[in-house]
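Structure first, commentary second.
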Amino acid sequence: MTLTLDSLNHPTSSSPTQLDLVLNGKKVPLHIGQNILFSDSFGTIIQNLSKNIIIVTDRHLNQIYGKKVKYFLEKSFNLTVQIIEILPGEEQKTRKTKEFIEDEMFKRGMGRDTLLIAFGGGVVLDLASFTASTYLRGIKLILIPTSLLAMVDASIGGKGGVNTPFGKNLIGSFYHPEYVFIDPSFLDTLPKKEFLNGLAEIIKYALITSKDLFDELYEKKSKLDLNELICRSLLIKKEIVEKDERDNGIRSILNFGHTIGHSLELLEDFELSHGEAISLGMIFASFLSLKKKFLEMEDFLKIFSLFKMYNYPLLLSQKVSWKRIGHTLSLDKKAENKNPRFILIEKIGKIAPTPDNKVLHRVEVDELKSSLIWFCNRFVSKKESYARHY
Ligand SMILES: NC(=O)c1ccc[n+]([C@@H]2O[C@H](COP(=O)([O-])OP(=O)(O)OC[C@H]3O[C@@H](n4cnc5c(N)ncnc54)[C@H](O)[C@@H]3O)[C@@H](O)[C@H]2O)c1
C-alpha cells in the first residue's frame, strides 16, 4: 500500500506501507511495517542488491538483534553477512570511528559491490551513511533505523556526518540509500528516555505543520498509534526535504526549537538529551511567538502542558543562565551579524512568516533578554544538585 494522508485516515490493509522519497532525481523507497526485517520481501531486496553484506551497528543493538538478523539473511537467502560493531553513544560519532569502520571493511576485503546496512539509532545511521558515501567513492546503502528519532528524522533526507571538537555534524555528506526499512516493533526495546527524544521531533512536526497531529498527541496519550505517528511524521519530513534537499531554505523550519536547544546541550555539557533540549527550545520559541503577538496565550499554554503531559523533565542545571545562553546564541549558524534568528509559529501547526515571507525572525535585544530571563527563572533548578526524572 502506498502511503498518503488519505490512506492514514482510512487504513485498508495491515500490509507494509511504502512511501517513495524523490531526492535529486533518485527514488528512495521507504518500507514501513511490523516485523518487516524478517520478511521474504526484505531478504529478496537485499539479495538483488548484493551478495556481500556488511552491517554496521552499535553494541546495544548487536546484543539484542545482531545474531537474529545475520542468521535470517544467511540461512534464508544464502548471503554472506558480516557485522561491524561500534560502541553506543553520541561521543562515538567521530572521524575516528568512521576510520575504524573503513579499516575494518578493508581488512575484511569488502569491495565496491558491498552493500552496507546501517542498523541502529541516529548515531549509527549518520556514521554509516557518511562512510558509505566515501568508501571506494561510494557503495550501496540501506538504512534500518531502530530508535524513534532515527525512524522519524535521521532516516529521511540523506544527511550523514560526524561531530568534531568544533561542533556537531560539521563534516558530512548528502548521500541517498537504496531503501529505508522502518519496523516499529524495534521500539519495544527502546529505553523511555530515548523514546522521548524521538517524540520531541514528532511534537515539532506537529507544531510547525499539523494541528491534527498535535490534537492526536494531546488527546490520545494513552493509546497512541505509533505506526500512524511514524507515517505521519515521515510524510511531513518528506514534503519538506523534497522541496529543499540541500537545506538552503524552507528545510530550516525543521530547526524550530533547535536554536535554544543546541545552546542548552552545549551549556549542559551534553548531559541533557537532545529531546529534552529541544522540548525546552520549543517552549522558548513558543514563548517568543507569544511575546511577538503571533501566538495566542491559549495555544501557548496547551503547548506547555503537552510537554508536561509526556513527562519531559523540563529542568536545567545552574550551569545555564540567560547571559550564557545569549553568548552561545550569537555563535549560532543561523545568526546574522551575531544576532540570533528564530523560527516562530503563529498558531499550533503553522509557521509565522517574516514580513518578507521568509521563516527566520530577528528578535530585538531587549525582547530576547526579557524572554531569556523568564525562561531561566522558570526552568533553571533552584537547587545546586538534583536529578532529572523520566
Ligand atoms: N541525519 C539526520 O537527518 C539526522 C536527523 C536527526 C538526528 N540525527 C542524529 O541522530 C543522532 C541521535 O540519534 P538517536 O537519538 O537515535 O541516538 P543513538 O543513535 O545514540 O541511540 C540512542 C540509544 O538508544 C539505543 N537504541 C537505539 N535503538 C534501540 C532499540 N530499538 N532498542 C534498544 N536500544 C536502542 C542505542 O544503542 C543508543 O544507546 C544524533 O547524532 C543526531 O545528530 C541525524
Side-chain angles (χ1 to χ4, degrees), residues 21 23 28 34-35 37 56-66 68-69 85-94 97-98 118-133 141 143-164 167-177 180-202 204-205 226 230 233-234 236-238 240-241 244-247 251-252 254-258 261-262 265-266 270 272-279 390:
L21 185 71
L23 287 170
V28 181
Q34 297 281 340
N35 294 314
L37 219 56
V56 175
T57 191
D58 76 21
R59 183 164 291 173
H60 291 153
L61 275 316
N62 198 16
Q63 278 169 355
I64 310 175
Y65 302 106
K68 202 171 152 191
V69 176
E85 177 190 284
I86 61 166
L87 291 174
E90 185 70 32
E91 58 284 6
Q92 302 304 321
K93 213 175 97 172
T94 60
T97 312
K98 179 173 181 272
F119 179 68
V123 166
V124 167
L125 263 50
D126 277 10
L127 260 170
S129 298
F130 186 26
T131 308
S133 75
L141 169 72
L143 301 182
I144 306 177
T146 58
S147 69
L148 184 59
L149 181 111
M151 289 181 192
V152 298
D153 198 353
S155 64
I156 182 164
K159 284 185 184 176
V162 293
N163 304 328
T164 76
K168 271 191 80 174
N169 298 323
L170 289 186
I171 299 185
S173 59
F174 284 94
Y175 194 66
H176 299 299
V180 180
F181 290 92
I182 297 179
D183 180 349
S185 56
F186 288 127
L187 299 178
D188 294 348
T189 54
L190 190 71
K192 182 172 173 214
K193 183 176 171 185
E194 302 303 338
F195 182 83
L196 287 182
N197 263 333
L199 190 71
E201 299 293 344
I202 299 180
K204 177 192 77 183
Y205 292 140
L226 273 182
I230 292 168
S233 302
L234 290 171
I236 292 170
K237 186 154 182 198
K238 165 188 151 75
I240 296 168
V241 299
D244 179 19
E245 187 203 342
R246 294 262 153 181
D247 202 0
R251 193 163 170 176
S252 64
L254 294 170
N255 284 318
F256 179 70
H258 284 57
H262 287 151
E265 280 181 292
L266 201 68
F270 292 93
L272 189 73
S273 75
H274 183 67
E276 284 172 71
I278 66 153
S279 54
Y390 291 92

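Ligands are counted one by one from 1 in listed order, and the atoms in each one are counted from 1 as well.
Among Glu201, Glu90, Glu194, His262, the single residue meeting the side chain to side chain donor-acceptor pair (under 3.5 Å) criterion with His274 is Glu201.
Between Phe186 and Phe119, the ring center distance clears the sub-6.0 Å criterion.
The 4.0 Å heavy-atom shell around ligand 1 contains residues Asp58, His60, Leu61, Ile64, Pro88, Glu90, Lys93, Gly121, Gly122, Val123, Asp126, Thr146, Ser147, Leu149, Asp153, Ala154, Lys159, Lys168, Asn169, Phe186, Thr189, Leu190, Pro191, Glu194, Lys237, ordered by chain and number.
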Run the side-chain hydrogen bond (donor to acceptor under 3.5 Å, both in side chains) check on Tyr65 and Thr189 step by step: do they pass? CA-CA 10 Å; Tyr65 302 106; Thr189 54; 2.6 Å; yes
Worked check of side-chain hydrogen bond (donor to acceptor under 3.5 Å, both in side chains) between Asn62 and Thr57: CA-CA 6 Å; Asn62 198 16; Thr57 191; 5.9 Å; no
For Lys93 and Asn169, run side chain to side chain contact (heavy atoms under 4.5 Å, CB included): C-alpha distance rounded to whole Å, both residues' side-chain angles, the deciding distance at 0.1 Å, then the answer. CA-CA 9 Å; Lys93 213 175 97 172; Asn169 298 323; 2.5 Å; yes
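Between Arg251 and Ile156, the shortest heavy-atom contact is NH2-O, 4.5 Å.
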